[in-house]
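For this chain, numbers begin at 1 and follow the sequence in order.
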Amino acid sequence: MDTLWTFVVERRHQLFVDSYLHVSAVLQSLLIATAIAVLVGVLVYRSPVGSAAATAAAGTILTVPSFALLGLLIPIFGLGVVPTVIALVLYALLPILRNTLVGLSAVDPAVVDAARGVGMNRLRVLTAVELPLAWPSILTGMRVSTQLIMGILALAAYAKGPGLGNLIFSGLARLGSPNAVPQALTGTVLIVVLALVLDGIFLLVGRFTVPRGIRD
C-alpha cells in the first residue's frame with residue numbers, strides 16, 4: 001500500500017491529465033453516439049422491420065472484439081484519437097438506440113392524438129411530446145453506454161488512444177519492476193471510480209430533466 005500511495009502522490013499530475021482525457025473521450029463519443037442513435041431511432045421507430053434491422057446492425061458491432069475493431073480501423077485512420085473515438089461511438093450505439101426505440105414506442109397514442117388535435121404538426125409532436133416522454137429511457141441507454149465504453153477505452157491504448165489505458169498497459173508491460181503493479185492497479189481503480197462518478201452525474205441529470213410525474 002505504501003508503494004501504491006507513493007506512486008499516486010508522485011504521479012498525481014499525470015494521473016489527473018490521464019483521467020481528464022479518459023472522461024473527455026468517453027463524453028465526446030457518447031454525445032456523438034447519442035445523436036446518431038436518436039436520429040436513427042426517430043427514423044425507424046414506426047417501422048417494425050426498420051427497428052429490427054437497425055437494432056440488429058448495432059448489435060452486430062458488439063460481437064466484434066474491441067482489439068479486432070481497432071485493428072481494422074488503424075490501417076484506415078492511423079493511431080490515436082480518431083480510431084479510438086470511432087470505436088467508442090460504434091460500441092455505444094446499441095444501448096442508446098434500443099432505449100430510444102423503447103421510449104418512443106411506449107408513448108401513449110392518446111397523448112399523440114391530443115397533441116395533433118391542438119394543431120401540432122408531426123415534427124412538433126416529435127420534439128415537444130414524444131422525445132421528452134422518451135427521454136428517461138434514452139438517458140438510461142446513455143448510462144449503460146457510458147459504463148460500457150469506459151472500460152473499452154482502456155483497451156484503446158492498443159491504438160495509442162487517450163486515457164488511463166496507457167497507464168495500465170505500461171504497468172503490465174513492466175511486470176517485475178517496483179512500480180508495475182501500482183501503475184496498473186491505479187489505472188484500473190481510477191477507471192472504476194470515474195465510471196461511478198459519471199453514473200452519479202447522469203442520475204442527477206435525470207432528476208433535474210425528467211418531470212416528477214414521469215419519474216414517479
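Residues Gly103 and Ala134 come closest through the heavy atom pair C-CB, 3.5 Å. In this structure, Gly59 and Leu94 approach most closely via the heavy-atom pair CA-CD2, 3.7 Å. In terms of heavy atoms, Val125 sits closest to Met120 at CG2-CB, 3.6 Å. Scanning all heavy atoms of the two residues, the minimum distance from His22 to Gly163 falls at ND1-CA, 3.7 Å. Nearest heavy atom pair, residue Ala92 against residue Pro95, reads O-CD, 3.5 Å.
A distance-only check finds no donor-acceptor pair linking the side chain of Ser24 to the backbone of Tyr20 [under 3.5 Å]. Judged by distance alone, with hydrogens and angles left aside, the side-chain atoms of Ser137 form a donor-acceptor pair with the main-chain N or O of Asn99 at under 3.5 Å. Asn166 places no side-chain N or O within donor-acceptor distance of the main-chain N or O of Lys160, the cut-off being under 3.5 Å. Under a 3.5 Å cut-off, the side chain of Ser51 and the backbone N or O of Val44 do form a donor-acceptor pair. Formation of a donor-acceptor pair under 3.5 Å by the Arg12 side chain with backbone atoms of Val9 is found in this model.
To the nearest 0.5 angstrom, Leu164 atom CG is 9.5 Å from Gln14 atom CD. Rounding to the nearest 0.5 angstrom, the gap separating the OH atom in Tyr45 from the OG1 atom in Thr100 is 11.5 Å. For the atom pair Leu190 CG and Met150 CE, the distance stands at 9.5 Å (nearest 0.5 Å). Here the CD-CG distance, from Gln183 to Leu167, works out to 4.5 Å after rounding to the nearest 0.5 Å. For the atom pair OG1 of Thr186 and CD1 of Ile191, the computed distance is 11.0 Å after rounding to the nearest 0.5 Å. In this structure, CG in Leu155 is found 12.5 Å from CD1 in Ile149, a value given to the nearest 0.5 Å.
Linking ILVMFWY residues whenever their side-chain heavy atoms come closer than 4.5 Å, directly or via other members, places Val189 and Ile152 in the same cluster. Residue Leu203 is not grouped with residue Ile96 when hydrophobic side chains (ILVMFWY) are merged at heavy-atom distances under 4.5 angstrom, including chains of intermediate members. Hydrophobic clustering of Ile, Leu, Val, Met, Phe, Trp and Tyr side chains at less than 4.5 Å, counting indirect connections, unites Val193 with Leu148. Tracing side-chain contacts under 4.5 Å through hydrophobic residues (I, L, V, M, F, W, Y), one reaches Ile138 starting from Ile32; they form part of the same cluster. Grouping the Ile, Leu, Val, Met, Phe, Trp and Tyr side chains by contacts below 4.5 angstrom, directly or via other members, places Met142 apart from Val144.
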Steps toward side chain to side chain contact (heavy atoms under 4.5 Å, CB included) verdict (Leu30, Phe202): CA-CA 12 Å; Leu30 182 72; Phe202 277 114; 3.3 Å; yes
Pair Val26-Leu194, side chain to side chain contact (heavy atoms under 4.5 Å, CB included): steps then yes or no: CA-CA 11 Å; Val26 166; Leu194 291 174; over 6 Å; no
Leu101/Leu97 under side chain to side chain contact (heavy atoms under 4.5 Å, CB included): CA gap, chis, key distance, verdict: CA-CA 6 Å; Leu101 294 173; Leu97 174 60; 4.3 Å; yes
Residue pair Leu131, Leu104: steps toward the side chain to side chain contact (heavy atoms under 4.5 Å, CB included) verdict: CA-CA 7 Å; Leu131 283 177; Leu104 290 172; 4.0 Å; yes
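Under the 4.5 Å side-chain criterion, counting only non-hydrogen atoms from C-beta, Val23 is in contact with Leu27.
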Which donor-acceptor pairs under 3.5 Å do side chains of residues 60-85 form with protein atoms, sequence neighbours excluded?
{"residue": "Thr60", "atom": "OG1", "partner": "Ala56", "partner atom": "O", "Å": "2.7"}
{"residue": "Thr63", "atom": "OG1", "partner": "Thr60", "partner atom": "O", "Å": "2.5"}
{"residue": "Thr84", "atom": "OG1", "partner": "Gly80", "partner atom": "O", "Å": "2.9"}

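Within a 6.0 Å sphere centred on CZ of Arg98, other residues, nucleotides and ligands contribute 12 heavy atoms or fewer.
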